[in-house]
Amino acid sequence: MATSIKTPAFITDKKILDQEFCALRKIADEASCKFLYSPKANSLPVVLRTAMKYVDGFGCSSPYELELVDRVCGPDTSCHLVGPLLTEAMLHAAGDRLDYLTFNSLSQRDRLHSLVPGPVQCGIRVNPELSFIHDPRYDPCRQNSKLGVPISELTRVSASNPDLLRGINGLHFHTNCDGTDFASLLATARHIQDLVPELLENLDWVNMGGGYLFDSADDKTDFFHAVEIFRDGFGLQVFIEPGAALTRRAGIIEATVHDLFDSGGVQIAVLDTTVNHMAEVFEFQFEPDVLGHVDGGVHDYLLAGCTCLAGDIFGEYTFDTPLCIGSKVTFLNMGAYTFSKAHRFNGVGLPTLCTREKDGSLKITHEDSFDAFARTMGMANNAIV
Ligand SMILES: Cc1ncc(COP(=O)(O)O)c(C=O)c1O
């Protein structure tokens, strides 16, 4: 796709975004559950504004996310917060803005519960100790996990020392990543139901987290069953808080080829983007989808990022037409965990932010600058140090 926009550019497609949120709203309504958006996947204002039209609230993980949601979506937006870091200062600053707060541990609840403003609904995160993710770096149920109270501990406490759960009226769990069917969600719901039924009897709500790609799962029966376990079995209000499912397809990164040369028999194409802009490509070591790549094409390239990191490469791609200096390369499915994790290592600026409007036109919404880079390095605007 050729555009006149300065690259690298992160382009959000508003039409796709709207379709994704609309589809999930329908699923949530069908399941009679509340639908939150998890802004950690993508917290660009265009995404928050679109989300606002469809969601029941936002599942934030930090005060900055909370404030961003508040500024973009307004003070009436329902905000939930859960994260391993919660401090007295955070509660003083943002407590009144919260509707739901989930403690990550019993110790966090013990220290901070008395500081939570009265109207805020408090929950506790549980680690169901049922793993579905093979890479422990992304598995909230890994051994010695820092995320949530192990369910074995919760079972013990709710039986022997229920006072430690005083003031708690919700349960939160989030245990998967990019799930393409809901079998593991249903297994988790059944597991929790079996292990802590008495606790569930005394609660008002449960948050089943995110981690599932709703549009990749044709059969959603297990999802509906999981909701029913809590909603019909225990009379709980059920929340879901997906992120990637809503945004991944709606973002692309467009880059330009700036150098081409042979290295050991392989054509290297150096782009003006980098794994800095797609941190998960490096973290997970996967090859992102590129427009125009064809298996068995004639022209092979190693697409490379522009930093000095040797491993700043995207992989080997094949095209029907040769690349030349100035060719555009478009990375697809970049809308989740890309811009929210992007950084400026090597002093490479962040991509220009653009939206593809519903009529197909492109609009630039933000351009990175040296001043912004300098500010993150602790330098005031125009300061000579
Ligand atoms: C607590 C919590 N909720 C929701 C999400 C969103 O998950 P996803 O973007 O995979 O749907 C995450 C992601 O890490 C999370 O940690």
Side-chain angles (χ1 to χ4, degrees), residues 17 20-21 23-25 27-28 33-44 47-48 50-51 54-66 69 78-86 98 100-105 108 123-128 131-142 145-149 170-182 184-185 188 192 205-217 220 223 226 238-251 278-280 283-284 286 333-341:
L17 200 57
E20 299 286 37
F21 273 98
L24 208 43
R25 178 71 263 173
I27 295 168
C33 72
K34 298 260 187 199
F35 165 28
L36 310 176
Y37 172 59
S38 178
K40 58 174 74 66
N42 182 328
S43 39
L44 295 178
V47 173
L48 301 182
T50 304
Y54 296 100
V55 300
D56 298 296
F58 291 81
C60 302
S61 29
S62 67
Y64 278 8
E65 275 186 3
L66 195 69
V69 167
S78 182
C79 288
H80 298 227
L81 183 71
V82 59
L85 180 68
L86 183 69
L98 286 175
Y100 290 78
L101 172 67
T102 296
F103 294 109
N104 183 58
S105 69
Q108 202 184 58
I124 191 98
R125 179 165 178 171
V126 60
N127 162 11
S131 277
F132 301 104
I133 300 173
H134 300 302
D135 182 341
R137 294 175 307 158
Y138 297 93
D139 180 11
C141 303
R142 64 187 279 168
S145 174
K146 65 175 186 183
L147 298 167
V149 184
L171 197 66
H172 183 294
F173 64 92
H174 166 85
T175 62
N176 211 348
C177 176
D178 288 355
T180 50
D181 67 62
F182 295 100
S184 36
L185 182 67
T188 306
I192 293 173
W205 55 272
V206 63
N207 184 330
M208 305 199 301
Y212 292 87
L213 300 175
F214 283 76
D215 58 353
S216 306
K220 299 185 178 60
F223 168 70
V238 180
F239 291 93
I240 50 169
E241 52 175 14
L246 297 150
T247 54
R248 179 164 293 140
R249 279 197 328 115
M278 314 173 204
E280 291 199 338
E283 278 175 53
F284 286 109
F286 73 93
N333 301 317
M334 284 290 139
Y337 301 103
T338 46
F339 204 78
S340 54
K341 289 190 175 187

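Start at 1 with the first residue, then count along the sequence. Counting starts at 1 for both ligands and their atoms, in listed order.
- Using a 4.0 Å cut-off between heavy atoms, Arg125 contacts ligand 1 through its side chain alone, with no backbone atom that close.
- Heavy atoms of Ser38 found under 4.0 angstrom from ligand 1 belong exclusively to the side chain.
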| field | Check against salt bridge (Lys or Arg N to Asp or Glu O under 4.0 Å), Arg25 and Asp56 | value | CA-CA 9 Å; Arg25 178 71 263 173; Asp56 298 296; 3.0 Å; yes

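- There is a side-chain donor-acceptor pair under 3.5 Å between His172 and Glu241.
- Atom 9 (O) of ligand 1 has Tyr337 OH, 2.5 Å as its closest protein atom, hydrogens excluded (heavy atom only).
- The side chain of His174, and not its backbone, has at least one atom closer than 4.0 Å to an atom of ligand 1 (non-hydrogen atoms only; side chain from C-beta on).
- The distance criterion of under 3.5 Å between nitrogen or oxygen atoms is met by Gly243 with respect to ligand 1.
- Counting atoms of ligand 1 from 1 in the listed order, those under 4.0 Å from a heavy atom of Lys40 are 2 (C), 3 (N), 4 (C), 5 (C), 12 (C), 13 (C), 14 (O), 15 (C), 16 (O).
- For the ring pair (Phe, Tyr, Trp, His ring centres under 6.0 Å) criterion with His80, the lone passing option out of Phe35, Phe58, Tyr37, Tyr100 is Tyr100.
- Open room surrounds OH on Tyr64; 12 or fewer heavy atoms of other groups in view lie less than 6.0 Å from it.
- Counting the atoms of ligand 1 from 1 in the order shown, those under 4.0 Å from a heavy atom of Ala244 are 8 (P), 9 (O), 11 (O).
- A 6.0 Å sphere centred on NZ of Lys341 holds more than 12 heavy atoms belonging to other residues, nucleotides or ligands.
- For Ser184 and Asn176, the side-chain atoms include at least one donor-acceptor pair closer than 3.5 Å.
- The aromatic rings of Tyr54 and Phe21 sit parallel, their planes meeting at an angle under 30°, below the 60° perpendicular limit.
- Here is the list of ligand 1 atoms found below 4.0 Å of a heavy atom in Pro242: 11 (O).
- With hydrogens left out, the protein atom closest to atom 4 (C) of ligand 1 is Glu241 O, 3.2 Å, a heavy atom.
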| Can you check side-chain hydrogen bond (donor to acceptor under 3.5 Å, both in side chains) on Asp139 and Ser131, steps first, answer last? | CA-CA 7 Å; Asp139 180 11; Ser131 277; 2.6 Å; yes

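- For the pair Ala41 and ligand 1, the shortest N or O to N or O distance does not fall below 3.5 Å.
- Remark: distances from the non-hydrogen atoms of Gly211 to ligand 1 include one below 4.0 Å.
- Those atoms of ligand 1 that come under 4.0 Å of a heavy atom in His172, given as number and element, are 1 (C).
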